Protein chains: 2
Amino acid sequence: MRPLFHPSIDDVRLEAILHALSDPVRVEIFANIAGAACALGCQAFVTVGDRVIPKSSLSQHFKVLRESGLIRSEREGVEMRNVSRCTELDQRFPGLIAAIMAAHTREKAAAA
Amino acid sequence: MRPLFHPSIDDVRLEAILHALSDPVRVEIFANIAGAACALGCQAFVTVGDRVIPKSSLSQHFKVLRESGLIRSEREGVEMRNVSRCTELDQRFPGLIAAIMAAHTREKAAAA
DNA sequence: TACCATAGTTCAGGAAATCGGAACTATTGA
DNA sequence: TCAATAGTTCCGATTTCCTGAACTATGGTA
């Protein structure tokens, strides 16, 4: 198992962020991680909405989020701690993540 | 040639917007359209950066932008008038487009 | 030490999206 | 009617995405 790659904040690309968050499963995961009080493992997301996500797919989704610079993951014993990089991201692209998350929240609220 | 489809503003999906703008050619096109004083035809984008975009690809890119709700295109004689739907979009997702465009501008400025 | 359970990664092949050349359509002007 | 311009559509080739199966890493138990 190769060590997990995290881009330095200066290498974070807008394109990668938008791509990462343009997937319904990934925004949902990111929204949960960003809104959580403490770090979450991947197991927290075996279902997203009512859909069951196979763990190989989940792993890929986390990889996309990680390599786009949206989250940081580190191993903690047998599981993973995932935290968002919101603070750094907001310095690089002020207001971006907040606006996307607000749009996501608004859309979800409208659907309900 | 089928009539061009434009989603009503309430049907615009965040997912579709992020996907549309996660492509370097499309953000560039959208940024130009959004920043232009008057409507632009597709011919304005036969090259993006230094890259030549084949017109079939260009047509697909415009379709993605259109169907995601980012732009409105209508035929004006032999060519197309493309305008952004920023005002409507900002009502649906306040600050979203502005934040993405600001990030795009910032990233481009840093690269130069 | 060995063995098991859990959490996540990697691999591989099939499905789906994307790219771009060639052919087609629509409109204008001569 | 013919030619030119602006886009669209079609379709085959490439690329990306999805996911079951196999693998890796760590911790616990004896």
Side-chain angles (χ1 to χ4, degrees), chain A residues 1-6 13 15-30 32-33 36 38-68 71-83, chain B residues 1-6 13 15-30 32-33 36 38-68 71-83:
Chain A
M1 226 171 270
R2 341 183 154 131
L4 303 177
F5 172 73
H6 293 90
R13 311 284 280 97
E15 185 182 329
I17 290 181
L18 298 185
H19 172 251
L21 295 179
S22 70
D23 178 276
V25 173
R26 287 192 299 258
V27 228
E28 199 54 43
I29 292 175
F30 180 73
N32 276 278
I33 291 179
C38 61
L40 299 175
C42 303
Q43 292 304 304
F45 305 98
V46 278
T47 62
V48 171
D50 283 346
R51 209 175 130 211
V52 176
I53 312 295
K55 64 180 191 169
S56 57
S57 305
L58 258 188
S59 181
Q60 290 303 323
H61 285 315
F62 273 92
K63 185 180 182 189
V64 171
L65 289 170
R66 194 160 54 229
E67 301 196 343
S68 70
I71 65 172
R72 198 177 284 285
S73 320
E74 29 182 292
R75 183 178 273 281
E76 172 117 338
V78 77
E79 64 180 29
M80 220 69 165
R81 291 165 47 86
N82 295 290
V83 292
Chain B
M1 223 172 273
R2 340 181 156 135
L4 303 178
F5 172 73
H6 294 90
R13 310 284 282 96
E15 184 182 330
I17 289 181
L18 299 184
H19 172 252
L21 296 178
S22 70
D23 178 275
V25 172
R26 285 192 298 258
V27 230
E28 199 55 44
I29 292 176
F30 180 72
N32 276 278
I33 290 178
C38 61
L40 299 175
C42 303
Q43 291 303 304
F45 305 97
V46 276
T47 63
V48 170
D50 282 347
R51 205 175 132 211
V52 175
I53 313 295
K55 63 181 191 166
S56 57
S57 304
L58 212 45
S59 181
Q60 289 303 323
H61 285 315
F62 273 91
K63 185 180 181 187
V64 172
L65 290 170
R66 194 160 53 229
E67 301 196 343
S68 70
I71 65 171
R72 196 176 285 284
S73 319
E74 29 183 291
R75 182 177 273 280
E76 172 116 338
V78 79
E79 66 180 26
M80 220 69 166
R81 291 164 47 87
N82 295 290
V83 292

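Small disclaimer: the values here were computed from a predicted structure and weren't measured. Letters A, B, ... mirror the listed sequences (proteins, then strands); counts begin at 1.
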*Reported CG-to-CZ distance for the pair A:Leu40 and A:Arg81, which is rounded to 0.5 angstrom*: 10.0 Å
*Can you tell me the distance, in whole Å, between the CZ atom of B:Phe62 and the P atom of C:dG20?*
15 Å
_With heavy atoms of chain A within less than 4.0 Å as the criterion, where does contact along DNA chain D begin and end?_
D:dC17 to D:dG27
*Heavy atom of residues 46-57 of chain B under 4.0 Å from DNA chain D: which residues?*
B:Lys55, B:Ser56
*For nucleotides 25-30 of chain C, just jot down a letter per nucleotide in 5' to 3' order: B, S or -, based on protein non-hydrogen atoms under 4.0 Å.*
BSBS--
Are there any protein N/O atoms within less than 3.5 Å of an N/O atom in nucleotides 13-18 of chain C, and if so, which ones and at what distance?
unit_1	atom_1	unit_2	atom_2	d
C:dT18	OP1	B:His19	NE2	2.9

*With sequence neighbours excluded, residues passing salt bridge (Lys or Arg N to Asp or Glu O under 4.0 Å) with B:Arg72*: B:Glu88
*Can you tell if the side chain of A:Phe62 reaches within under 4.5 Å of the side chain of A:Ile33, non-hydrogen atoms only?*
yes
*Using whole Å, report how far CG of A:Asn82 lies from C1' of C:dA7.*
11 Å
*Work out which heavy atom in A:Ile17 is nearest to a heavy atom in A:Ser68; give both atom names and the distance.*
CG1-O, 4.0 Å
*asked:* Just to verify, what does B:Arg75 make a salt bridge (Lys or Arg N to Asp or Glu O under 4.0 Å) with, not counting sequence neighbours?
replied: none
*Rounded to the nearest Å, what distance is computed from the CG atom of residue A:Leu58 to the C1' atom of nucleotide C:dA7?*
11 Å
N/O donor to acceptor pairs below 3.5 angstrom from side-chain atoms of residues 50-58 of chain A, sequence neighbours left out:
none

*A:Ser73: what forms a side-chain hydrogen bond (donor to acceptor under 3.5 Å, both in side chains) with it, not counting sequence neighbours?*
A:Arg66, A:Asn82
Pairs of donor and acceptor atoms involving the side chains of residues 19-29 of chain A, under 3.5 Å and at least two apart or interchain, shall be tabulated with distances.
unit_1	atom_1	unit_2	atom_2	d
A:Ser22	OG	A:His19	O	2.8
A:Asp23	OD1	A:Val25	N	2.9
A:Asp23	OD1	A:Arg26	N	3.1
A:Arg26	NE	A:Ala20	O	2.8
A:Arg26	NH1	A:His61	ND1	3.2
A:Arg26	NH2	A:His19	O	3.4
A:Glu28	OE1	A:His104	NE2	3.3
A:Glu28	OE2	A:Lys108	NZ	3.1

*Which residues satisfy the side chain to side chain contact (heavy atoms under 4.5 Å, CB included) test with A:Glu67, sequence neighbours excluded?*
A:Phe5, A:Lys63
